[in-house]
Amino acid sequence: MSLYHEMPENIFVTSVDQLLGWSRKHSLWWLLFGLACCSIELMHTGGPRADIERFGSAPRGTPRQADLIIIAGTLTYKMASRLKLLYEQMAEPKYVISMGSCSNCGGLFDKAYSVVKGVDQIMPVDVYLPGCPPRPEALLEALVILQKKIQKEKYLRK
Amino acid sequence: MNFLFFEGISQNPNSYLILAIIIFCAGIFTVLTRKNIIGILLGIELMLNAGALNFIAFSFFRHESADYSGHVFAIFVIVLAAAEAVVALAILLAVYQQRRSVSTDDISDLKG
Amino acid sequence: MTQFIYMFIFAVIYLLSIAVAAGFLTVVERRIAGRMQSRIGPNRVGPQGIVQWIADAVKALQKEDIIPTDAHSFLFKIAPYLVFMGVFLTLVPIPFGAYTLMENLDTGIFYVLAMASFVVIGVMMGGWASNNKWSLLGGMRSAAQMISYEVPAALAVFVVVVMAGTLNFQKIVFSQGASPVDWYVFRNPFAFIAFNIFFIAALAEGNRVPFDIPEAESELVSGYNTEYSGMRFLFFFLAEWGNLVVIGALVSTLFFGGWNFWFEYTLEFSVPGRYPIRFEVLGFLWFLFKVSIFVFIIIWIRWTLPRLRIDQLMDICWKYMVPIGLFASIGILLWMYFVPEKSLADTIMRYSMTSFGGLTILYFFYRVFQNLRVTKAKIYANPFV
Amino acid sequence: MKDGIFLCIAAVTVFGALVTAFSRSIINAALGLLLALVAIAGLYIFLSADFVAVSQILIYVGGVMVLLLFGIMLTSGGDNIFSNNPIMGAVPATLITTIFGLLGIYVVNTSGLTFYQGAYRATTRDIGHFLLREYILPFELVSVLIVVLIVGAGVMLRKELVIVRQAPQKKEGKK
């Protein structure tokens, strides 16, 4: 991989990168996983009104086949280890959307002894989505922002 | 041992017969060296297959006219092997329910 | 030697076209599912989301290939290929036209039933080798289900074989005619029963809803493919949707006249070398039309019916379908003996069954359009929203 | 070309049989058997026995191997696949096997049978005729055997047959 760092960005590498990014951004299969009230909105996003599958994002039951984990709700310390396990079971490349204030920073439960103050303390987060809970449209926008971010990624030259 | 260099080895009956002998010997060795009942069953399946291969080979090379008795025998061998496997596995599972073991050493007393 | 090269080229063409068909079917299924749930389904990639499957496939190629530490790594690796092989080997003798087939095997339908057994082995191995409870349960259930449903499927195939007097697919197609009156499904009541049994058993063998308990999301996480990621999972995926094509092709070949397009063409086929290429193309398209109708019905069933429980599934197989299959296979023997072909009773039965079937379909469409009119829901009739 | 394919299939057969004989892991032995069975079906096609080849795959791969794998997976539990499968008595087994093999090769070399060149035909229809005319009695006996088999396997695995030795429980009287 060190060779790639030396390589200039020629047209071949760039266009292949674009193709790979295109495929990743249009096929973000998300893990069926919800923690608290945000997960109700997450379910709603899969429903008819805000149909997340328009963007090619199908729900998957198992972390091995998922690309995207949407952390929807309050993350307690007891759940944190399980969430980390699930995240580690996912196959690379994997993306994380932190949905709702609780998972962003602890939110309403900022002073609670049992709540993790932000998911980014245990795993990297790609998109933070504020709201308590955010509406399905907001989640769709987070997905679109994530897609734009993925398109800019350089998969071949990590 | 000159059959190996025979012209057209796939058209030579001896190559099939020798192959059947090899498979049969592998089956005997399997049966003799295993203690696991399923392992013994595997060996028996190999031996039955060697026999069926012989039947088919003789049917192909021994008769100028169309005589398919060998094929019929091979089909009977296959069907009986399936039957034998079913019964053996039913017995095996019944034994396993009682003794929690499939080793032949543990199934030595008659009264249960 | 040239023969082998031709065979190889044909095999590659078949593999590619069926892989493309399977990929395309995933998009079609997601769109249909969307419509049935008042959603839209994938529509962002290409016009109407038509190249969604390319995005999925290329993404799966980039995914990390995970093999669990405690898994039996060799079995874990070969299991998807076994499943894939089992599904795609069944395509060898199926005729897509008078000349569009790989090999006109003499053992035709028997060969198809045999090759399906590789799928059982592959699914069981994948489930066991993953060293995961859900995978193991899914694999065991799947093996039990597939083996059980092979029995009614074989009984239903037996009915067709008795009527055609051969196992060869091309002869089975040829002994049916082009018109619906000559199709086996409308020949006599026993063949109709056999068609229903075969269709249900094929659904169950393909692990489709309502028989998809091996991969039931709500009980087992994802069944036997829980631990598979990336490319290896893609092989299971391809096999599942390739199986849709196989089921549709089998049903339309065995019961619905196959590629027979119109009356006079089949007569000309009996004279070798007199079958013109335009009839071949038309017959191929007609066959694809039939296959796509059955594929649509399978998808329709999947998104309509709930899933069965494992004991209900086994009960349906052994307590209902096997006895009904035995009844049909004995009945067809008596029918063939007492009602010779082209006798009065045979003709009456054919025409009455065909007209009954046609009227049922017409009534169905009448009810559908009536409902649409009553609810004034024009938007739901349009698939391209 | 044909000989080359034959040699490949024969090599696969022998490899599968040897894996079955010498592998210590029972699941690998079953896999070797699977390989050998499929390869033997390939050999049947060389001998113009397409129907038997397809039956071999249908019954062995679809039936017997699935049953054996079921047995292995249900009984050995994955953890003790090595421990309950020791190689024992290797020396006498090797002796007996060698004697059988040499005997077989001797018989093949000195059999004095006359062989004809076989012809390739479609066999399905003729096998049907043979089964329903000359071998009708064994054919029917096999069906009786299979009925006995189904009933027997069902009876064998019934719960009541597994004898559990325990004292008959006393009925609790109503208080």
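The sequence lines fix the lettering, A, B, ..., with proteins before strands; numbering per chain opens at 1.
Residue D/Leu103 does not touch chain B at all, counting heavy-atom pairs closer than 4.5 Å. Contacts of D/Leu33 with chain B are made by side-chain atoms alone, with heavy-atom separations under 4.5 Å and no backbone atom involved.
Scanning all heavy atoms of the two residues, the minimum distance from B/Ala26 to D/Ala21 falls at O-CB, 3.7 Å. Contact between D/Ser48 and B/His71 at its shortest, heavy atoms only, is O-CE1, 3.6 Å. In terms of heavy-atom proximity, B/Phe60 sits nearest to D/Leu47 at CD1-O, 3.3 Å. Here the shortest heavy-atom pairing between D/Ala30 and B/Leu42 reads N-CD1, 3.7 Å.
The side-chain heavy atoms of B/Val72 and D/Glu134, taken from C-beta on, include no pair separated by under 4.5 Å. For the pair B/Tyr16/D/Val108, no side-chain contact is recorded, criterion being any heavy-atom separation below 4.5 Å from C-beta on. D/Phe70 is not listed as a side-chain neighbour of B/Leu89, based on a closest heavy-atom distance of 4.5 Å or more. Taking 4.5 Å as the limit, every side-chain heavy atom of B/Phe55 sits out of range of all side-chain heavy atoms of D/Val52. Residues D/Tyr44 and B/Leu53 form a side-chain contact, since some pair of their non-hydrogen atoms from C-beta on lies under 4.5 Å apart.
The structure places CD1 of D/Ile45 at 11.5 Å from CD1 of B/Ile56, a figure rounded to the nearest 0.5 Å. Taken from CG in B/Leu46 to CG in D/Leu37, the straight-line distance is 7.0 Å, to the nearest 0.5 Å.
Inspection of non-hydrogen atoms places D/Leu145, D/Ile146, D/Leu149 of residues 144-151 of chain D under 4.5 Å from chain B.
The aromatic ring centroids of D/Phe22 and B/Phe29 lie less than 6.0 Å from each other.
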- Would you please test D/Phe51 and B/Tyr68 for ring-ring contact (aromatic ring centres under 6.0 Å, His included) and show each step? CA-CA 11 Å; D/Phe51 187 80; B/Tyr68 293 105; over 10 Å; no
